[in-house]
Each structure stands twice: as structure tokens, then as C-alpha cells.
Student: 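Before I ask anything, let me first share the structure, which is written out below as C-alpha cells.
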Amino acid sequence: MSEPLLMISLQSLRLFVVARFVREVLGERDWIPIPGTRHEMPGVIGWGRRAVAMLDLARMGADLRPLQVGERRARMLLLQVSDSNLAIPADSVSSILDVDSADIRPRALTEFPLCPREVHWSGEVFPLFDPNLLVEQARTQ
Amino acid sequence: MTKRESNAESQPAGNAGGFRNYLVVDAKPVPWSLDATMILRVVPRVEWGGTAMDLDVLFGGAPEGPPNVHVIVLKTRDGNIAVGTSNSLHIESFDERALLAIPELVFGGAYEHAAAKHLIFAQETQPVIVLDIGALGTLSNTQCQVACSRITVGETES
């Protein structure tokens, strides 16, 4: 059995996300900083007639440069997580990759937050981002 | 306190009220605004009495003490509050049917005390944060103390 995944690249970070969460991959998008938000979610993007929460993965990992006000990244990945939408700016997003389920294992070698599993792929190991955890965390805070 | 928004994705606020005047504060990087009908008084560039929240500080900007602030006195359900800003002000009419709810997700557990609850795109391009005046009154003591220390006390609003 295989699982369809997408790889997100952001500076030195590469991680996977399960393809079923992905609603759309947009190009460069302006974002709107909002005061008083969680550190890792500094603002929103306008999408359709909605404001969608934006997650800056660079604010979650060491050695990554956070997105600055007015700065844009080449891609904006739009995820749907239960009843919420989530926008993630990235340098690039891969096409769908079918990964053997046996290569998706509980986290042992990677440390990125919100990634309880990891993917052994092409001789390397990458975190598998679980956006459900982010939403659950927000609800229980 | 405004009605708590669902954690669901942001939907147009759907206010059927049509156009309403807002006081827009030309802050960088994003202007913010207040419902003009909730404003009791605007005191431009003078020393002001009573305690005021310096919203420039609250929003991450640089503090400026009197007399370089405009003070806006707002009527809330829990009493009057004064807020200060050193940015320029203007009145603008927004169609409230175009208000976008800011998703609760970005605030996490701090949502109840978040003053920024909605966005509106003025002229369909420039986003403006619409502040919830009710929520301003609920900001925590810590938040207020930081802000209040920037504005000195003079005569008291009657």
C-alpha cells in the first residue's frame, strides 16, 4: 500500500504533508500581519471571500528565517483541516509522491514540531507534518 | 465581549448593516479601525486625562508619549476606555457585508482577548483590521500596563 504525500521545501527544511489535506497550491500571495496572534501564525491571507490563517513553518524550527512583513514566498499551500483552512508559505511544493506505507514510521530520527511521524524516502528521512495537531493544539490552549 | 466565533474557517461576517463609518488609524504595516459610532470623543495631539491604552505599543509599534498622541475615547458596555495612537486618523465608510472574520485559529487560546476580530479590504485592495471595541475592554492587566505606561495622566474625562 502507498500513501500520496507532497513535499514542502522551505529554506533548508523539507517535510511531507499528506496529500488529502491539500486543497490548492497557490503562487505567491500577499499576507496580512495581525497583531496578537500565536507566534507561528503571524497573520492571514485573503482567499476567495475569506481570511485564512497562515502558518509560517520557519517560526517553528531552528535556523530558519521567519517570513517578514511584506515578504512573499513562491508558493502558498492551502490545506483543509477538519473545518479550518490553513495557508503555508513555501519555497516549493512537489507534485504528489506515492510513498510506501511501510516507509512512514513513528518519529525516531527527526525533531520538527507537529510531526509525530517521519518518512523514509529516497535514502533520507523527513518529518511528516500533521496539521490536525495544530488545530487540536489551538482548541485546547 | 463579542460573540465567540467558531473555530471553523473564516466566513464573511455577513452583517446586513451595509455601510458604516469607521475611524481608520493609518498604522503600518496594516491600518486598523474602530466603529465610529462607539467613539465619544477624539482629542488630537493634546495631553489627556485618565488611563489610556497606547494601541501603537499594543500592536508592536513604537511608543510615543503626549503631546504626540491622538486619544480616542470609546464607549463600551463595561464603561468608557481611552486609546491612544500617534498615527494619523481619517473617517472611512465600509460596507460591513464585506467584513471577513479573522480565524480563531491564529489566536489560539488568546482569542477571547484579541481585539482584532475582523478584516475589511478598503477599495478591495488595502486590508484594514477592524478592532472589536468590546474586546479592547477585556485586554489583560499585563497588556494594559505595558501600554498605559506610555501615556501620562492629566485631567479626567467626565
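Lettering of chains follows the sequences in order, A, B, ..., and the numbering in each one begins at 1.
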Student: In the structure I gave you, are the side-chain heavy atoms of A:Arg38 and B:Val106 within less than 4.5 Å of one another anywhere?
Tutor: no
Student: Which pair of heavy atoms, one from A:Arg49 and one from B:Arg97, lies closest together, and at what distance?
Tutor: NH2-O, 3.2 Å
Student: Would you check if A:Pro35 and B:Ile129 make a side-chain contact, meaning some heavy-atom pair closer than 4.5 Å?
Tutor: yes
Student: Can A:Val125 be reached from A:Leu57 by stepping across I, L, V, M, F, W or Y side chains whose heavy atoms are under 4.5 Å apart?
Tutor: no
Student: Could you look at A:Leu86 and say if it's the side chain, the backbone, both or neither that has a heavy atom under 4.5 Å from chain B?
Tutor: side chain
Student: Between A:Val52, A:Val44, A:Thr37, A:Ile32, which is the residue that forms a side chain to side chain contact (heavy atoms under 4.5 Å, CB included) with B:Ile102?
Tutor: A:Val44
Student: Is A:Leu109 reachable from A:Val119 through a run of hydrophobic residues whose side-chain heavy atoms are each under 4.5 Å from the next?
Tutor: no
Student: Should A:Leu55 and B:Leu105 be marked as a side-chain contact (heavy atoms from CB on, under 4.5 Å) after you check the CA-CA gap, both sets of side-chain angles, and the distance that decides it?
Tutor: CA-CA 10 Å; A:Leu55 171 69; B:Leu105 188 60; over 6 Å; no
Student: Which heavy atom in B:Ala101 sits nearest to a heavy atom in A:Ala51, and how many Å separate them?
Tutor: O-CB, 3.6 Å
Student: With a cut-off of 6.0 Å (strictly less than), are more than 12 heavy atoms of other residues, nucleotides or ligands near CD of A:Glu111?
Tutor: no
Student: Which heavy atom of B:Pro103 sits nearest to which heavy atom of A:Ala53, and what is that distance?
Tutor: CG-N, 3.6 Å
Student: Are the side chains of B:Val30 and A:Val69 in touch, meaning some heavy atoms are under 4.5 Å apart?
Tutor: no
